[in-house]
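Just below is one structure, and these are the notes that go with it.
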Amino acid sequence: SVYIAGRTAALRDPMASLAHAQPLDQSHRTESSGDVFPEETTTLPEPSAFLQKFAACHDPKQALKEACGVPPPPHVWSGPMSPREVARELYAGSEAGIVPVDLLGQCLGHHHEFFQALANEFPFFFDFQNMNIVPAIRLYLFRFRLPGESDQIQRILEGFAGAYYAANNNKNVEKPPPGSLSSTRTDPQTRGWYVEPTIDDNGEHCCVHCGALESEVDGDLRACAGCNIVHFCRPCRYLAHRRGHAVVGMVGYGRACVQARRNAGTLEVDQETGMATMRFDRDGKSFAASEKVAAEYDWPRVSPFLSEDSVMVLAYSIIMLTTNLHNQNVRSKDRMDLHAFIQQCHKINDGTNFPGDMLTGIYADIRDEELKVVREAD
């Protein structure tokens, strides 16, 4: 399927994407570009007996035996501590800066069943709720050094994806009651999105859903008639209403149209009544109409992720993007533009696309500051 093909492409040679990432300077922790780093502590807690044993180990095999107390097969789960208990200890130790970052990364990426369970448990101690994915990845990579093999990185990112998706999914989003102002015709994962224009660095608009440029669709790239803010190509216009916009991008308006105008400052609002006026085409044949919109006619944002796999594949795409934009060996003409990044992420969200304005935010975040990994000081 297209989705599987997209995932396969995202997994291709991930270490090449990380090879040139800049190290974090752990002596100067700052908050920038929405990153969230642990606060400095003036006094370190006394490490537990487990953490002392773990810090004294030289490799995962030794840590498994001497720190975790896991005997050789077939008794791999009979240690004194469960993977979750070990994860809790390592999280506290990494937060205090007393866990060797190399060893922790090697253990999280190790193929042993106990460490695979640890890789799934460890990220659940992070608070990723309502956090955008790029700051979440930055926060996670701050705690350990990524190992050098693709399979190890995959196991680590699978654990991250599980924890991030658990904190940011729409399974508990209630359907609007009949007669409410919340639309039932839109795809649930699109709500709150498709409200910002997607514009390349050269100033050219691209389709907010698929990233197509006007030159790639024979000039058939049009702004939604309901908002005149975001653009759709012809194929994506047919389902514009599923993204909160006008029917086929031409008739009426949708909740995303109201929010897009509000964000752009083009929404006509009566200061006395608080009511807004939407002007639109009623029949797609230039039949002008207007309608009053209540203040509660909003478009609250939800998480767009449909599965753990979609989180993982997007995380790989972000890693590849940071290399493409910041690796000195990549020629300027080969740098990825916004529209190319959106197109690269085609159908990786369980067979559908991520909102273009969400990917625009990710692109700008990585363009302005590359994704960094923990490394040994030179």
*Verify, without hydrogens or angle tests, whether W299 (side chain) and V258 (backbone) share a donor-acceptor contact under 3.5 angstrom.*
no
*Once the angle between the rings of F115 and H112 is folded into 0 to 90°, is it parallel (under 30°), tilted (30 to 60°) or perpendicular (over 60°)?*
perpendicular
*So, T186 versus R191: side-chain donor-acceptor pair below 3.5 Å or not?*
yes
*asked:* Using only atom types and a distance under 3.5 Å, with no angle test, would you say the side chain of D200 pairs donor to acceptor with the backbone of L338?
replied: yes
*Is the shortest distance from a Lys or Arg side-chain nitrogen in D337 or R367 to a carboxylate oxygen in the other one below 4.0 Å?*
no
*asked:* A quick test of your reading: do over 12 heavy atoms of other residues, nucleotides or ligands sit less than 6.0 Å from CG of N324?
replied: yes
_T322 side chain to I366 backbone, donor-acceptor under 3.5 Å_ = no
*Which heavy atom in M278 sits nearest to a heavy atom in C257, and how many Å separate them?*
CE-CB, 4.1 Å
*Does the pair E268 and R261 meet the rule for a salt bridge (Lys or Arg N to Asp or Glu O under 4.0 Å), with working shown?*
CA-CA 9 Å; E268 302 176 36; R261 287 193 185 185; 5.5 Å; no
*What is the distance from atom CG of D334 to atom CG of N327, rounded to the nearest 0.5 Å?*
11.0 Å
*Any chain of hydrophobic side-chain contacts (each under 4.5 Å) joining M131 to M358?*
yes
_Between Y253 and E291, a side-chain donor and acceptor under 3.5 Å_ = yes
*asked:* Can you confirm whether I362 sits close enough to F354 that some side-chain heavy atom of one is under 4.5 Å from a side-chain heavy atom of the other?
replied: no
_N/O donor-acceptor pair under 3.5 Å between E216 side chain and L213 backbone_ = yes
*So do R138 and D365 actually touch side chain to side chain, heavy atoms under 4.5 Å?*
yes
*asked:* If I compare all heavy atoms of V230 with all of E196, which pair ends up nearest, and what's the gap?
replied: CG1-O, 3.4 Å
*From CD1 (I229) to SG (C224), nearest 0.5 Å*: 9.5 Å
_L64 CG to F54 CZ distance, which is reported to the nearest 0.5 Å_ = 10.5 Å
*Rounded to the nearest 0.5 Å, how far does OG of S48 lie from CD1 of I98?*
7.0 Å
*asked:* Could you report the tightest heavy-atom contact between P47 and Q52, atom names first, then the distance?
replied: O-NE2, 3.0 Å
*asked:* Between N202 and E204 (side chain of the first, backbone of the second, donor and acceptor by atom type, cut-off under 3.5 Å), is there such a pair?
replied: yes
*For the pair V99 and E89, evaluate side chain to side chain contact (heavy atoms under 4.5 Å, CB included) and give the outcome as yes or no after the intermediate values.*
CA-CA 10 Å; V99 171; E89 289 273 357; over 6 Å; no
*Y140 versus F122: any side-chain heavy-atom pair under 4.5 Å?*
yes
*Determine whether H205 and T198 make a side-chain contact, defined as any pair of heavy atoms from C-beta on separated by less than 4.5 Å.*
no
*Rounded to the nearest 0.5 Å, how far apart are CZ of R242 and CD of Q189?*
8.5 Å
*What distance separates I137 CD1 from L157 CG, expressed to the nearest 0.5 Å?*
7.0 Å
*Assess the side chains of T277 and K292: does a donor N or O sit below 3.5 Å from an acceptor N or O?*
yes
*What is the ring orientation for Y363 with F341, classed by angle as parallel under 30°, tilted 30 to 60°, or perpendicular over 60°?*
tilted
*Checking side chain to side chain contact (heavy atoms under 4.5 Å, CB included) for the pair H209/R243: CA distance, chi angles, key distance, verdict?*
CA-CA 9 Å; H209 187 62; R243 280 97 208 182; 3.4 Å; yes
*Are the side chain of N168 and the backbone N or O of S303 linked by a donor-acceptor pair below 3.5 Å?*
no
*With no hydrogens and no angle check, is any side-chain donor or acceptor of R155 less than 3.5 Å from a backbone partner on G109?*
yes
*Is there a donor-acceptor pair under 3.5 Å between the side chain of Q106 and the backbone N or O of P60?*
no
*Pair S94-F142, side chain to side chain contact (heavy atoms under 4.5 Å, CB included): steps then yes or no*: CA-CA 9 Å; S94 66; F142 185 83; over 6 Å; no
_Taking V217 as the starting point, is it possible to reach Y194 by hopping between hydrophobic residues whose side chains are less than 4.5 Å apart?_
no
_Whether N349 side chain and P304 backbone form a donor-acceptor pair below 3.5 Å_ = yes
*Under 30°, 30 to 60°, or over 60°: which ring-plane class applies to Y164 and F128, parallel, tilted or perpendicular?*
tilted
*Is a side-chain N or O of D270 found less than 3.5 angstrom from the main chain of E272, in a donor-acceptor match?*
yes
*asked:* Just so I know, are the side chains of N353 and C210 near enough to count as touching, which here means a heavy-atom distance under 4.5 Å?
replied: yes
*What about L51 and V70, same hydrophobic cluster or not, with Ile/Leu/Val/Met/Phe/Trp/Tyr joined at side-chain heavy-atom distances under 4.5 Å?*
yes
_Which heavy atom of L306 sits nearest to which heavy atom of Y165, and what is that distance?_
O-OH, 3.2 Å
*Answer with yes or no after comparing the ring centroid distance for F160 and F126 against a 6.0 Å cut-off, counting only values under it.*
no
*Please answer: with hydrophobic residues joined when any side-chain heavy atoms are less than 4.5 Å apart, are L239 and V247 in the same cluster?*
no
*Give a yes or no on whether M320 and V330 share a hydrophobic cluster (residues Ile, Leu, Val, Met, Phe, Trp, Tyr; joining criterion: side-chain heavy atoms under 4.5 Å apart).*
no
_With a 4.5 Å cut-off on side-chain heavy atoms, are E214 and H231 touching?_
no
*Can you tell me if S310 and D350 form a side-chain donor-acceptor pair at under 3.5 Å?*
no
*Hey, are the side chains of V101 and L104 touching, using non-hydrogen atoms and a 4.5 Å cut-off?*
no
*asked:* Is the shortest side-chain heavy-atom distance between E66 and K61 below 4.5 Å?
replied: no
_Salt bridge check, R222 against D220: does any charged N sit closer than 4.0 Å to a carboxylate O?_
yes
*Starting from the C-alpha separation in whole Å, work towards a yes-or-no answer on side chain to side chain contact (heavy atoms under 4.5 Å, CB included) for M250 and F232.*
CA-CA 11 Å; M250 299 171 62; F232 291 94; over 6 Å; no
*asked:* Between N263 and Q259, do the side chains contain a donor N or O and an acceptor N or O under 3.5 Å apart?
replied: yes
*asked:* As a quick check of understanding, evaluate side chain to side chain donor-acceptor pair (under 3.5 Å) for Q116 and E121, giving each step before the final call.
replied: CA-CA 9 Å; Q116 289 187 49; E121 295 286 357; over 6 Å; no
*At their closest point, which heavy atom of A223 faces which heavy atom of N228, and how far apart are they?*
CB-OD1, 3.5 Å
*Work out which heavy atom in A246 is nearest to a heavy atom in A240; give both atom names and the distance.*
O-CB, 3.6 Å
